[in-house]
There are 2 protein chains.
Amino acid sequence: MLSQKAKYALKAMLALAEQKNGELLQAADIAEHQNVPRKFLELILLELRKQGLIHSHRGKHGGYALAKPADTITFGQIVRIMDGPLAPIPCASLTGYRRCVDCQDEKACAIRKAMREVRDAAAGILDGMTLESACSGGSAGARAALTS
Amino acid sequence: MLSQKAKYALKAMLALAEQKNGELLQAADIAEHQNVPRKFLELILLELRKQGLIHSHRGKHGGYALAKPADTITFGQIVRIMDGPLAPIPCASLTGYRRCVDCQDEKACAIRKAMREVRDAAAGILDGMTLESACSGGSAGARAALTS
DNA sequence: GCATAATCACATTGAGTTGATAGGAAGGAA
DNA sequence: TTCCTTCCTATCAACTCAATGTGATTATGC
Ligand code: FES
Ligand code: FES
């Protein structure tokens, strides 16, 4: 389940990606146009900045901008920062692996196998979808990444 | 994120599927062998019965058994009963659709498109994986379903 | 009939998470 | 200086999750 936080983060990042030649966009503007609670959005932008996805400028005429080209930032990165691993269950995660205490033989566990497949599929889609490919409509980018 | 409840449900259903010719299996036995809290498991089995996936027998020598052949029960059904829709976000769900109040144009929403792809991928895997195919090792069943 | 053993059905709990708000501190522009 | 904007921490209510408790109901074996 994608949290509101992650959804807002994606919306904000998409808004920043649509900005021409890295012009600054203010939190209040994003909040209004994307229908996101302003103070909550600040929290999210703060976290995105600390993770190096965006940079910010303070004071009058301040705001936010992407820290990297839009085609190098993926949905997967953003979702992982906000909600943690993509895997439905920790034992099937690459980025946040944790053993299942109640499974005796992890290697043979059918549930783990299934969830690993789900994780791989989700990662294939979300890590292949960049802000760029999402902006310029459709999922062509994702599909290209999947077949590569 | 798969809840403990759903994970326990899958474990219980797999245990029941491994039972020969529909013999009864008791909650206490499942709880012990699968390392699931006994009372919590009862709650889960109750729900599975109410949804028609298993049937039960009370009294001494009672227990539970699958209500249908193991190759007609999928991971997807079980997970949906326990955790609800597979989609990461309601607006991308078929079984539990709910509109996004904060998105102006749902049809063009890039987030929805991405999450719809994730949902379809997850559904393809989980609805293609039956208790039967999971028991007899591997994900051959799921892959067969995906290419069909 | 009676003791036993199992499922059935709620009610309750404690911990943790989620979504959001409040209030100011700090930095930059006019 | 005086606005304006981001930065930062604390706090909150509501909800969910995982688990437990208590007793009622139903079937078996003697
Ligand atoms: S090893 Fe994680 S579910 Fe079995
Ligand atoms: S329509 Fe649901 S995220 Fe945009």
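Worth saying up front: this structure is predicted, and the values here are computed from it rather than measured. In what follows, chains are A, B, ... by sequence order, proteins preceding strands, each numbered from 1.
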**Q.** B:Glu47 with B:Lys5: basic N within carboxylate O range, under 4.0 Å
**A.** yes
**Q.** Whole-Å gap separating P (C:dA9) and CG (B:Leu48)
**A.** 14 Å
Q) Between D:dT9 atom P and A:Leu43 atom CG, what is the distance in whole Å? A) 11 Å
Q. Is B:Lys7 touching bases, backbone alone, or none of the nucleic acid, heavy atoms closer than 4.0 Å?
A. nothing
**Q.** Lys/Arg N to Asp/Glu carboxylate O, B:Asp105 vs B:Arg112, below 4.0 Å
**A.** no
Q: Report the distance from atom CD of B:Glu47 to atom C1' of D:dC17, rounded to the nearest whole Å.
A: 13 Å
Q) So does A:Lys39 reach the base of C:dG19 with its side chain, donor to acceptor, closer than 3.5 Å? A) no
Q. Nearest to the side chain of B:Ser3 - C:dC8, D:dA18, C:dA30?
A. D:dA18
Q) What nucleotide, of D:dA18, D:dT25, D:dC8, holds the atom closest to the side chain of B:Arg58? A) D:dT25
Q. Base, sugar-phosphate, or nothing for B:Leu45, non-hydrogen atoms under 4.0 angstrom?
A. nothing
Q: May I have the distance from A:Leu16 (atom CG) to D:dT6 (atom P), rounded to whole angstrom?
A: 11 Å
Q: Using a cut-off of 6.0 Å, state whether more than 12 heavy atoms not belonging to A:His33 lie near its atom NE2.
A: no
Q: Tell me what A:Ala28 touches on the nucleic acid: a base, only sugar-phosphate, or nothing, going by heavy atoms under 4.0 Å.
A: nothing
Q. Taking atom P of D:dC17 as reference, at what distance in whole Å does atom CD1 of A:Ile89 sit?
A. 15 Å
Q) Which listed nucleotide (D:dT28, C:dA9, D:dT5) is nearest to the side chain of B:His61? A) D:dT28
Q: Would you sort out whether A:Asp83 and A:Ser3 count as a side chain to side chain donor-acceptor pair (under 3.5 Å), showing the intermediate values?
A: CA-CA 7 Å; A:Asp83 286 359; A:Ser3 68; 2.6 Å; yes
Q) Under 4.0 angstrom, heavy atoms only, what part of the nucleic acid is B:Glu42 near: base, sugar-phosphate, or nothing? A) base
Q | Spacing of B:Leu24 atom CG relative to D:dT28 atom P, expressed in whole Å | A | 10 Å
